[in-house]
Protein chains: 2
Amino acid sequence: MFESIFKALGEPTRLKIIKLLADRELCVCDLEEIMKISQPRISQHLKVLKHAGLVNERKEGQRTICSLNRKFLNNTIEQFEQYLSKPLETVPELAEESSRMPTIYGESCMKKYCEKVL
Amino acid sequence: MFESIFKALGEPTRLKIIKLLADRELCVCDLEEIMKISQPRISQHLKVLKHAGLVNERKEGQRTICSLNRKFLNNTIEQFEQYLSKPLETVPELAEESSRMPTIYGESCMKKYCEKVL
DNA sequence: CTCATTAATAAGTACATGCTTATATTATTA
DNA sequence: TAATAATATAAGCATGTACTTATTAATGAG
């Protein structure tokens, strides 16, 4: 979930789109004119942004009006900071890793060394 | 700058490393043991994270002890939110785009239409 | 209905990225 | 000094991604 959002943000064209949409909502052909890049390119990037939840769209005739989902973005950032702060053992996806967490750094290396010696 | 940071965060293995380092500093071989993935894979991902500024490292003998640069991360998030909030015309990289910004949505399309008609 | 406009999608291509295996580098230890 | 440990780097490969051009779909206007 964080992954798809960061991946969406980690691309220059999409970052530009985000910033432009932060100013006001725009239709695809507006973005085309403003950014001077091809229409399919816009559409493809918007698709990524929509799937990540960062951009909302509504249809208005033949136009697709896009807007930045600022609430979602702010919320995600907030959640990410909380995610980093919460105890490792409370993260289900990292249960295995958590169980292998050493109590001091370098312990793992020492363990490997000891296994060989013993 | 935001790009490299988001790109670094937009990858599952690196996100895991970030979360593990949020718990405590770890050397490469600790990460290897904890995550059960190959050493070059760890080193390569750490390189990306270091270049993005997210991870610091120090040498301790033959060990490379890595730590999350939490201050930098928090600061970046803060800056990103400010970046999105500040007026478009104050962003140098988007000066061109800003100058082409329409006053109402769909204006660009209308412009194109008018050009043809006239 | 026909044609133009807006947008989405498909196909193809070049380049980027993540991984593996193998090797090089540096520091420790015997 | 020789051997080992920890890490970095190189090379090769497979997959992913961003772009282009071409096509399709849907809406609106004449």
Side-chain angles (χ1 to χ4, degrees), chain A residues 3-4 6-18 25-52 55-67 102 105-117, chain B residues 3-4 6-17 25-52 55-67 102 105-118:
Chain A
E3 189 195 329
S4 66
F6 289 133
K7 203 166 275 180
L9 292 173
E11 203 279 336
T13 307
R14 285 195 291 268
L15 261 181
K16 278 192 184 181
I17 293 176
I18 289 284
E25 56 180 16
L26 295 163
C27 70
V28 176
C29 88
D30 277 335
L31 286 168
E32 198 184 340
E33 262 309 293
I34 294 164
M35 302 181 72
K36 298 287 182 195
I37 64 180
S38 75
Q39 176 266 313
R41 194 172 153 193
I42 302 273
S43 284
Q44 285 156 7
H45 283 303
L46 282 171
K47 197 175 180 180
V48 175
L49 292 168
K50 278 184 292 177
H51 283 145
V55 164
N56 288 331
E57 66 174 32
R58 66 170 202 279
K59 272 287 185 182
E60 204 166 275
Q62 25 185 355
R63 304 255 165 79
T64 303
I65 315 274
C66 303
S67 56
Y105 23 93
E107 197 202 30
S108 299
C109 327
M110 296 311 283
K111 247 188 241 165
K112 279 194 286 186
Y113 179 71
C114 292
E115 279 163 13
K116 284 203 177 171
V117 172
Chain B
E3 188 193 330
S4 67
F6 288 133
K7 202 166 277 180
L9 292 172
E11 204 278 337
T13 307
R14 285 195 291 269
L15 261 181
K16 278 193 184 180
I17 293 176
E25 56 179 16
L26 294 163
C27 70
V28 177
C29 88
D30 276 334
L31 285 167
E32 199 184 339
E33 262 308 294
I34 294 165
M35 303 181 72
K36 297 289 182 194
I37 64 180
S38 75
Q39 176 266 314
R41 195 173 152 191
I42 303 272
S43 283
Q44 285 156 7
H45 283 303
L46 282 172
K47 196 175 181 180
V48 175
L49 291 169
K50 277 184 293 176
H51 283 145
V55 164
N56 289 329
E57 65 174 32
R58 68 170 200 279
K59 272 286 186 183
E60 204 164 275
Q62 25 184 355
R63 304 256 166 79
T64 303
I65 315 272
C66 304
S67 55
Y105 22 93
E107 198 201 29
S108 300
C109 327
M110 295 312 282
K111 247 189 240 165
K112 278 194 287 184
Y113 180 70
C114 292
E115 279 164 13
K116 285 204 176 172
V117 172
L118 298 175

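Each chain gets a letter, A, B and so on, in the order the sequences are listed, and its residues count up from 1.
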Using atom names, set out every protein N or O paired with an N or O of nucleotides 13-21 of chain C below 3.5 Å, distance rounded to 0.1 Å.
residue	atom	partner	partner atom	Å
dG18(C)	OP1	Arg14(B)	NH2	3.0
dG18(C)	OP2	Arg14(B)	NH1	3.4
dC19(C)	OP1	Thr13(B)	OG1	3.4
dC19(C)	OP1	Arg41(B)	NE	3.1
dC19(C)	OP1	Arg41(B)	NH2	2.8
dC19(C)	OP2	Arg41(B)	NE	3.4
dC19(C)	OP2	His45(B)	NE2	2.2
dC19(C)	O5'	Arg41(B)	NE	3.3
dT20(C)	OP2	Ser38(B)	OG	3.2
dT20(C)	O4	Gln44(B)	NE2	3.1

Exercise. Closest approach of Glu11(B) and Glu3(A), non-hydrogen atoms and distance?
Worked result: N-CG, 4.2 Å

I'd like a table of atom pairs between the protein and nucleotides 23-27 of chain C - only N or O on both sides, under 3.5 Å - with the distance next to each one.
none

Exercise. For Glu33(B) and dA6(D), what is the distance between atoms CD and P respectively, to the nearest whole Å?
Worked result: 10 Å

Exercise. So how far is it from Cys29(A) SG to Arg63(A) CZ, rounded to the nearest 0.5 Å?
Worked result: 5.5 Å

For this session: Let me know which of Met35(B), Lys36(B), Arg41(B) forms a side chain to side chain contact (heavy atoms under 4.5 Å, CB included) with Ser38(B).
Result: Arg41(B)

For this session: Return the minimal non-hydrogen interatomic distance between Glu32(A) and Ile37(A), and the atom names on each side.
Result: CG-O, 3.2 Å

Exercise. Nearest-Å distance, NE2 (His51(A)) to C1' (dT9(C))?
Worked result: 13 Å

For this session: Grab the CZ-P distance between Arg63(A) and dA26(D) for me, whole Å please.
Result: 19 Å

Exercise. Does the distance from a Lys or Arg side-chain N to an Asp or Glu carboxylate O, for Lys59(B) and Glu57(B), drop under 4.0 Å?
Worked result: no

Exercise. Should Arg58(A) and Glu25(A) count as an ion pair when the cut-off is N to O under 4.0 Å?
Worked result: yes

Exercise. Within less than 4.0 Å of OP1 or OP2 of dT9(C), is there a side-chain N or O belonging to Lys47(A)?
Worked result: yes

Problem set entry | Nearest-Å distance for atom pair CD/P, residues Glu57(B) and dA8(D) | 6 Å

Exercise. What is the distance from CD1 of Ile65(B) to C1' of dA8(D), rounded to the nearest Å?
Worked result: 16 Å

Problem set entry | CA sep, side-chain torsions, deciding dist, call: Val28(B), Ser43(B), side-chain contact (heavy atoms from CB on, under 4.5 Å) | CA-CA 7 Å; Val28(B) 177; Ser43(B) 283; 4.1 Å; yes

Problem set entry | Spatial distance of atom NE2 (His51(A)) from atom CG (Leu46(A)) [nearest 0.5 Å] | 11.5 Å

Problem set entry | Distance in angstrom units between Ile42(A) CD1 and dT20(D) C1', rounded | 14 Å

Problem set entry | Nearest-angstrom distance from the residue atom CG of Leu46(B) to P of dT7(D) | 10 Å

Exercise. For Leu26(B) and dA6(D), what is the distance between atoms CG and C1' respectively, to the nearest whole Å?
Worked result: 15 Å

For this session: From the options dT7(D), dA8(C), dA8(D), select the nucleotide whose nearest atom is closest to the side chain of Ser43(A).
Result: dA8(C)

For this session: For residues Lys7(A) and Arg14(A), report the shortest heavy-atom separation together with the two atoms involved.
Result: O-NH2, 3.3 Å

